[in-house]
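Residue numbering restarts at 1 for every chain, and letters A, B, ... go by the order of the sequence lines. Since the model is a prediction, treat every value here as computed from it, not as a measurement.
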There are 2 protein chains.
Amino acid sequence: MARKTGSHSEITGPRIQDAALKLFARHGYAAVSMRQIAAEVGVQAGALYNYVPHKQALLFELMRGHMVALLDAADAALEPAARPDAALEGFVRFHIGYHLGRVDLVFISYMELRALEPENFSVIEALRGRYEDRLEAILSDGKDVFDVKDTKLATLALIAMLTGVTNWFRESGRLSPEGVADSYVEMARRMVRSKEVLKPR
Amino acid sequence: MARKTGSHSEITGPRIQDAALKLFARHGYAAVSMRQIAAEVGVQAGALYNYVPHKQALLFELMRGHMVALLDAADAALEPAARPDAALEGFVRFHIGYHLGRVDLVFISYMELRALEPENFSVIEALRGRYEDRLEAILSDGKDVFDVKDTKLATLALIAMLTGVTNWFRESGRLSPEGVADSYVEMARRMVRSKEVLKPR
DNA sequence: CAGCTAACTGAACACTTGTTCAAATCAAAG
DNA sequence: CTTTGATTTGAACAAGTGTTCAGTTAGCTG
């Protein structure tokens with residue numbers, strides 16, 4: 001017995017990615033076997049190798065795809081010419097919105113870095129750096145409006161704060177993604193002490 | 001051949017913990033074998049079972065020990081009667097100082113939660129909750145001094161921001177732990193818009 | 001120096017791991 | 001209806017997994 005009824009390359013390929021994403025996020029890369037992924041897809045382990053050269057590539061492509069899509073989405077969503085305060089708000093809303101819609105990808109992209117072989121690790125790190133640069137640029141472009149001593153430090157603090165949302169947010173919780181974003185916009189503004197926030201006082 | 005020269009229970013026990021901590025932090029729980037841990041200690045795999053009932057207990061005890069020590073240290077370091085602003089500053093400095101001295105433990109305590117069996121997971125989650133309550137109490141005790149709409153949200157945002165330091169901090173970097181703490185105290189104060197910060201303006 | 005026991009070895013257990021590949025099967029084309 | 005080619009199976013590979021345990025040894029006690 002071989003070839004299942006109604007099997008197609010265009011179907012199986014993405015399903016492998018989906019299954020791997022789900023299982024890696026739930027149990028971790030090292031704890032998931034190729035056989036488990038295959039079972040989730042409804043196929044034997046050997047069939048995976050028509051689509052993926054090896055397990056490591058499965059993880060790497062998941063992470064690389066995520067980072068590239070994130071950068072593209074950021075380019076599309078953020079307005080380069082925006083005033084500093086609006087740019088910061090835009091970034092916060094984009095970051096939270098985008099990340100809350102892809103918690104599994106975000107999770108493995110932060111958690112499984114150490115499972116990457118050195119060359120792959122470097123690629124992901126570089127992409128992450130490029131994303132962080134977007135926020136750093138906003139902060140340094142607005143250095144007349146904002147009040148931050150250490151731009152790099154503020155960038156890292158903000159990113160950590162924002163990404164932390166994916167760890168506790170639940171669709172069924174009391175807050176909507178928009179509600180969360182509202183609060184985080186406020187906190188982010190305060191952190192950089194945006195003049196626009198202080199004015200109304 | 002058995003029993004190595006100069007071997008002692010009081011020596012080997014802690015060395016196993018140290019080796020497990022180091023390897024779990026570096027490669028992840030699932031990716032590290034009992035034989036690797038044994039090799040790091042300089043012993044055969046079987047010898048580990050004189051000290052640990054099974055691999056899972058090794059991880060669990062590492063995490064539980066960390067959380068218990070963290071709570072104890074917090075109790076010792078934080079002054080319950082402090083004014084809100086001083087209490088917040090005290091918490092930030094304590095959190096950063098304590099965590100920067102134990103990056104490996106912090107790392108696995110956040111990363112390997114999913115590797116814990118359900119009952120063990122609950123224990124760690126409860127301990128973590130008790131720690132977060134310390135900060136939440138500070139924020140709600142100071143609700144006249146601070147300006148926070150959602151105390152729980154601010155707690156989670158602050159903890160994420162503070163713990164994030166362990167991900168990028170390097171002993172050899174340009175900033176000292178104290179310098180980092182200074183900046184984070186400032187950012188934390190701004191986030192809750194402590195009146196004491198606004199006064200000098 | 002003999003005897004004792006805590007401490008450790010080394011081999012074995014039954015599985016699981018990632019990966020390969022000849023053979024089998026199915027869908028579509030001629 | 002046959003041929004072709006993509007798709008999948010199922011078995012096999014060598015290596016590694018956590019854990020157990022009879023047997024060996026080092027160092028202390030008397």
Taking N or O atoms only and anything under 3.5 Å, show me the protein contacts with nucleotides 19-22 of chain D, one pair per line.
from, atom 1, to, atom 2, distance (Å)
dT19(D), OP2, Y49(B), OH, 2.7
dT19(D), OP2, K55(B), N, 2.9
dT19(D), O5', Y49(B), OH, 3.3

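Rounding to whole angstrom units, CD of residue Q44(A) and P of dT17(C) are separated by 14 Å. The CD1 atom of I11(B) sits 13 Å away from the P atom of dG27(D) (whole-angstrom rounding). Following rounding to the nearest Å, E117(B) (CD) and dG18(D) (P) show an atom-to-atom distance of 14 Å. Between R15(B) atom CZ and dA7(C) atom P the separation is 15 Å, expressed in whole Å. Note: CD1 (I37(B)) to P (dT17(D)) measures 11 Å, nearest angstrom. Atom P of nucleotide dT19(C) and atom CG of N50(A) are separated by 14 Å, given to the nearest angstrom. The nearest whole Å value for the distance from the OH atom in Y51(B) to the C1' atom in dC8(C) is 8 Å.
OP1 or OP2 of dT8(D) lies within a sub-4.0 Å distance of a side-chain N or O belonging to T12(A).
A side-chain contact (heavy atoms from CB on, under 4.5 Å) with E136(B) is found for one member of L156(B), L158(B), D141(B), T151(B) and no other, namely T151(B).
Using cut-offs of 30° and 60° for the angle between ring planes, the Y131(B) and H99(B) rings count as tilted.
A donor-acceptor pair is defined here as one N or O able to donate and one able to accept, closer than 3.5 Å; no such pair exists between the side chain of E40(A) and the backbone of A19(A).
Proximity of residues 19-33 of chain B to DNA chain C (heavy atom under 4.0 angstrom from any strand atom) is not detected for any residue.
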Run the numbers on F146(A) and L88(A) for side-chain contact (heavy atoms from CB on, under 4.5 Å), then give the verdict. CA-CA 10 Å; F146(A) 302 143; L88(A) 178 62; 4.1 Å; yes
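Geometrically, R128(A) engages Y110(A) in a cation-pi contact, judged by NZ or CZ lying under 6.0 Å from the ring centre and within 45° of the ring axis.
The list of side chain to side chain donor-acceptor pair (under 3.5 Å) pairs with a residue in residues 55-69 of chain A, not counting sequence neighbours, reads Q56(A)-N120(A), E61(A)-R64(A).
Between R189(B) and D85(B) there is a salt bridge, since at least one side-chain N of the basic residue sits less than 4.0 Å from a carboxylate O of the acidic one. E79(B) has no carboxylate O lying under 4.0 Å from a charged side-chain N of R93(B), or vice versa, which leaves the two without a salt bridge. A salt bridge is absent between K149(B) and D182(A); no separation between the charged side-chain nitrogens and carboxylate oxygens falls under 4.0 Å.
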